[in-house]
Amino acid sequence: QVQLVESGGGLVQAGGSLRLSCAVSGSISDINAMGWYRQAPGKQRELVAAITSGDTTNYADFVKGRFTIARDNAKNTVYLQMNSLKPEDTAVYYCHAAVFIATIVLRDYWGKGTLVTVSS
């Protein structure tokens, strides 16, 4: 099994920063993509950022220039550095891991989420 545990969420004022962490454990050798998704109340879950085992990154347009995804293979941890936070960034942020070939996801895993609240 693969387990994902997020941490780092909390309350921050608009313009502030937070750093989310996702600790990955279990049978992780085949994981080749990690990402962060978020879901606000009444809205669908959406991709925030992703990173592949080859260090290719992908960001949603609404976070480009503000958020950075990174991973530390030695620690089996993926991070999301969030700067210049806006109230509309308020959501539960979920860590995601996937085994994929091209655009085909063979297996994927989700964390339980961490709440980020951005006040105005």
Side-chain angles (χ1 to χ4, degrees):
Q1 298 184 36
V2 172
Q3 296 84 40
L4 309 175
V5 180
E6 304 98 331
S7 62
L11 175 65
V12 65
Q13 293 186 11
S17 299
L18 284 175
R19 187 196 194 202
L20 305 184
S21 298
C22 175
V24 187
S25 62
S27 183
I28 63 173
S29 62
D30 292 333
I31 298 295
N32 54 14
M34 298 290 301
W36 290 93
Y37 289 71
R38 71 186 188 187
Q39 187 167 23
K43 299 182 68 176
Q44 291 190 327
R45 189 171 299 186
E46 60 186 353
L47 174 70
V48 176
I51 186 168
T52 70
S53 59
D55 292 328
T56 299
T57 57
N58 184 46
Y59 295 93
D61 288 341
F62 55 81
V63 303
K64 286 182 177 178
R66 299 190 297 125
F67 292 8
T68 303
I69 189 169
R71 60 182 174 87
D72 186 334
N73 290 335
K75 296 182 178 180
N76 292 327
T77 302
V78 64
Y79 305 95
L80 184 68
Q81 178 66 47
M82 305 185 294
N83 299 324
S84 302
L85 283 162
K86 305 174 181 179
E88 54 261 42
D89 294 320
T90 296
V92 176
Y93 284 71
Y94 296 91
C95 186
H96 178 252
V99 179
F100 77 101
I101 300 175
T103 61
I104 306 300
V105 176
L106 304 180
R107 301 187 300 277
D108 67 347
Y109 311 90
W110 293 94
K112 295 185 181 298
T114 185
L115 177 63
V116 172
T117 303
V118 184
S119 63
S120 60

Worksheet item: Below 4.5 Å, heavy atoms only, C-beta onward: do V92 and K112 meet side chain to side chain?
Response: no

Discussion item. Check for me, please, whether V116 and V48 land in the same ILVMFWY cluster - side-chain distances under 4.5 Å, paths through other members count.
Written reply: yes

Worksheet item: Can you tell me how far SG of C22 sits from CD of E6, rounded to the nearest 0.5 angstrom?
Response: 5.5 Å

Item to complete: Mind telling me whether W110 and H96 have parallel, tilted or perpendicular rings, with 30° and 60° as the class edges?
Response: tilted

Item to complete: Return the minimal non-hydrogen interatomic distance between A97 and L4, and the atom names on each side.
Response: N-CD1, 3.7 Å

Fill in: Which atom of T77 lies closest to which atom of S21, heavy atoms considered
CG2-CB, 4.3 Å

Item to complete: Any ring pair (Phe, Tyr, Trp, His ring centres under 6.0 Å) involving residues 57-87? Give me the pairs, sequence neighbours left out, ordered by first then second residue.
Response: none

Worksheet item: Does the pair D61/K64 count as a salt bridge with the N-to-O cut at 4.0 Å?
Response: yes

Worksheet item: Which heavy atom in L80 sits nearest to a heavy atom in A49, and how many Å separate them?
Response: CD1-CB, 4.1 Å

Taking only distance into account, with no hydrogens and no angle test, what donor-acceptor pairs under 3.5 Å do side-chain atoms of residues 24-32 form with protein atoms, sequence neighbours excluded?
{"unit_1": "S25", "atom_1": "OG", "unit_2": "Q3", "atom_2": "OE1", "d": "3.2"}
{"unit_1": "N32", "atom_1": "OD1", "unit_2": "F100", "atom_2": "N", "d": "3.0"}
{"unit_1": "N32", "atom_1": "ND2", "unit_2": "F100", "atom_2": "O", "d": "2.9"}

Fill in: Separation between OG1 of T68 and CG of N83, rounded to the nearest 0.5 Å
6.5 Å

Worksheet entry | Reported CD-to-CD distance for the pair Q44 and Q39, which is rounded to 0.5 angstrom | 8.0 Å

Fill in: Same apolar cluster: Y93 and I51, side chain cutoff 4.5 Å
yes

Item to complete: Tell me whether L47 is reachable from V63 by hopping between hydrophobic residues (I, L, V, M, F, W, Y) whose side-chain heavy atoms are closer than 4.5 Å.
Response: no

Fill in: Greater than 12 external heavy atoms within 6.0 Å of L106's CG
yes

Worksheet item: According to a 4.5 Å side-chain heavy-atom criterion applied to Ile, Leu, Val, Met, Phe, Trp and Tyr, with indirect links allowed, do V2 and V78 form part of one hydrophobic cluster?
Response: yes

Worksheet entry | T90 OG1 to L85 CG distance, which is reported to the nearest 0.5 Å | 8.5 Å

Discussion item. Using every non-hydrogen atom in the two residues, find where R66 and S84 come nearest and quote the distance to one decimal.
Written reply: NH1-O, 3.0 Å

Discussion item. Distance check, rounded to the nearest 0.5 Å: R38 atom CZ versus E46 atom CD?
Written reply: 4.5 Å

Item to complete: Check the pair D89 / M82 against side chain to side chain contact (heavy atoms under 4.5 Å, CB included), numbers first and verdict last.
Response: CA-CA 10 Å; D89 294 320; M82 305 185 294; over 6 Å; no

Worksheet, complete the sentence: Value for CH2 (W36) from CG (L20), rounded to nearest 0.5 Å, stands at 4.5 Å

Practice prompt. Can you see which heavy atom on P87 is nearest to which on A14, and at what distance?
Written response: CD-CB, 4.1 Å

